[in-house]
Amino acid sequence: MDISSCGLYLATMDCCWAPVERLNMKFWHFDMSLQKFVLNTYVDTPHTGAVNALKFQPSISTDRPFFLTCGVDGKAKIWILESNTWQCRFCLDFRGLECVAGSWSVDGSILALSFSYVLTVWNMEAELKTTLTINNNREQIRAIEFGRSYSDRNFLYAANIKSLLVWDLLTLSCVYSMDLDGQIPGLVSDPGTGQLALLSKNKLIIVDACGKKVVEEFSNINSTGGAAFARQGSKTKLYFLTYDGHISEIGSKSAHKSTNATKLIHKRASAPLFNAQGSIGNKVGEIEAEIRNISSGNLDSLLSVPLHTVPQNSLLAQTFLSDQVIALPKKTGKNEISNQKFESVMQRENQAERIKDVFLKQTKNSDMEFSDYFK
């Protein structure tokens, strides 16, 4: 499956390798009113065999993105949205070889396809512009990637199980190459730094093609090959999926701060800047307790009315969640806690005194004559 860069189009491939094989491709469009993807086009048997790759054309607009499929039948098909349905616009092949992988350039104007051991470059009119090979060997080119950053956007990366090569498309010359250990890599380009990540099951290599060097290597990562670069603040991190079902991240090294050595303090408005003691002569209380706000009672209100009169969950979600967040614990300082405890004790004592005055009022014991009783 693949999703477009605008987030409005989704393509999925369903395969059934039974005695009667079935291969179905579905295009989904995101419905703003329903807030979910809705089936738009159903394609039965887009290829006469398995499909190796699905790729949407990168685009910053939502106007008719192209979609690429690569099949073992030797065909690469480009699909386009016309008259609110997806149709095959171009069908590309090269010498009857299997179409193994494909990739779009960062602006979507160039398409690179690997037909077995031959790397081909096409324009948007489905015209073949050039062909390339890796060291003239016949190993299948399993991974292709264009440069995504400003520094390497004219680079084309390609790898088989033996080698990685980087070509400059402006001069059609090889600018960097390195040997691999025989595992099929996945290639992911960093749009921020211009570095390239090579992922195999047990190894991750970060390469700087502009500097012609290996930046870092990691082993025993147990990666599935699925990965993406993303920015977190001012730094870029690589997130990848492992066979354990976890998402791991790798980023630049940063100083580690121990949370156990850091004390949380309750700040006071009167404390001068850089004064750890707060106001003069008074220590700032450490946070060590919490007081829970009174709940708004929305849940009780919902349960007290008939079910058919309750609005839809989507209409109630925002108000209900905001009330629950407001009701979360509020942090207080040690000094405030002691004052509150003292006040609560005083209130209980005062209440007990009032109860004694009302119900347990004692009268003075005095001697009474029997005759006084009948007066």
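Residues take their numbers from the sequence shown, with the count starting at 1. Please read all numbers here as calculations on a predicted model, not as lab measurements.
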Between the main-chain N or O of [Y] and the side-chain N or O of [X], is there a donor-acceptor pair closer than 3.5 Å?
| X | Y | answer |
| --- | --- | --- |
| Asp107 | Ser109 | yes |
| Asp244 | His246 | no |
| Ser4 | Phe56 | no |
| Asp73 | Thr48 | yes |

Full working for side chain to side chain contact (heavy atoms under 4.5 Å, CB included) between Met124 and Glu127:
CA-CA 7 Å; Met124 292 306 300; Glu127 297 175 347; over 6 Å; no
Counting C-beta onward and ignoring hydrogens, is there a side-chain heavy-atom pair between [X] and [Y] closer than 4.5 Å?
| X | Y | value |
| --- | --- | --- |
| Tyr176 | Val207 | yes |
| Thr133 | Leu119 | no |
| Trp122 | Leu113 | yes |
| Leu128 | Thr120 | yes |
| Pro46 | Thr69 | no |
| Lys237 | Arg231 | no |
| Leu164 | Leu198 | yes |
| Val72 | Asn52 | yes |

Taking NZ, NE, NH1 and NH2 as the nitrogens, is one of them in Arg142 or Glu139 under 4.0 Å from a carboxylate oxygen of the other?
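No.
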[Y] and [X] side chains, donor-acceptor separation under 3.5 Å:
| X | Y | result |
| --- | --- | --- |
| Ser33 | Asp31 | yes |
| Asp152 | Gln195 | no |
| Ser149 | Ser151 | yes |

Once you round to the nearest 0.5 Å, how far does [atom1] of [X] lie from [atom2] of [Y]?
| X | Y | atom1 | atom2 | value |
| --- | --- | --- | --- | --- |
| Ile141 | Asn160 | CD1 | CG | 6.5 Å |
| Ser163 | Asn137 | OG | CG | 6.0 Å |
| Ile205 | Leu180 | CD1 | CG | 6.5 Å |
| Thr130 | Leu169 | OG1 | CG | 9.0 Å |
| Thr85 | Trp79 | OG1 | CH2 | 10.0 Å |
| Ile144 | Trp104 | CD1 | CH2 | 12.5 Å |

With the 4.5 Å side-chain cut-off for hydrophobic clustering, are Val121 and Leu170 part of the same group?
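The answer is no; the residues belong to distinct hydrophobic clusters.
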Hey, quick one: are Leu54 and Phe37 part of the same hydrophobic cluster, counting side-chain heavy atoms closer than 4.5 Å, chains of contacts allowed?
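In one cluster: yes.
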After noting the C-alpha distance and the side-chain angles of Asn220 and Asn202, does the key distance pass the side chain to side chain donor-acceptor pair (under 3.5 Å) rule?
CA-CA 5 Å; Asn220 300 324; Asn202 296 316; 5.9 Å; no
Yes or no on side chain to side chain contact (heavy atoms under 4.5 Å, CB included) for Ile3 and Tyr9, after CA distance, side-chain angles and deciding distance?
CA-CA 6 Å; Ile3 190 168; Tyr9 307 104; over 6 Å; no
I need the minimum non-hydrogen distance between [X] and [Y], along with the two atoms involved.
| X | Y | value |
| --- | --- | --- |
| Ala53 | Gly102 | CB-N, 4.5 Å |
| Glu145 | Ser189 | OE2-N, 3.3 Å |
| Gly147 | Val106 | O-CB, 4.0 Å |
| Glu98 | Gly71 | CG-O, 4.2 Å |

Would you say that more than 12 heavy atoms from the other residues, nucleotides or ligands in this model lie under 6.0 Å from the CD1 of Ile247, or not?
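No, not enclosed.
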Using a cut-off of 6.0 Å, state whether more than 12 heavy atoms not belonging to Lys77 lie near its atom NZ.
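Yes, because the 6.0 Å sphere around NZ of Lys77 holds more than 12 heavy atoms from other groups.
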Name every donor-acceptor pair, under 3.5 Å, that has one atom in a side chain of residues 18-30 and the other anywhere in the protein, sequence neighbours excluded.
from, atom 1, to, atom 2, distance (Å)
Asn24, OD1, Tyr42, OH, 3.0
Asn24, ND2, Tyr42, OH, 3.0
Lys26, NZ, Asp14, OD2, 3.3
Trp28, NE1, Thr12, OG1, 3.1
His29, NE2, Trp86, NE1, 2.9

Qualifying salt bridge (charged side-chain N to carboxylate O under 4.0 Å, His left out) pairs, either residue in residues 78-88, two or more places apart:
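Qualifying pairs: Glu82-Arg89.
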Can you list every pair that meets salt bridge (charged side-chain N to carboxylate O under 4.0 Å, His left out) and has a residue in residues 197-214, with sequence neighbours left out?
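Those involving residues 197-214 are Asp181-Lys203.
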Member of Phe240, Tyr239, Phe229 meeting the side-chain contact (heavy atoms from CB on, under 4.5 Å) criterion with Val188:
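Checked Phe240, Tyr239, Phe229 against Val188; only one passes side-chain contact (heavy atoms from CB on, under 4.5 Å): Phe229.
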Does the side chain to side chain donor-acceptor pair (under 3.5 Å) test come out yes or no for Ser173 and Trp167, once each step is laid out?
CA-CA 5 Å; Ser173 60; Trp167 287 280; over 6 Å; no
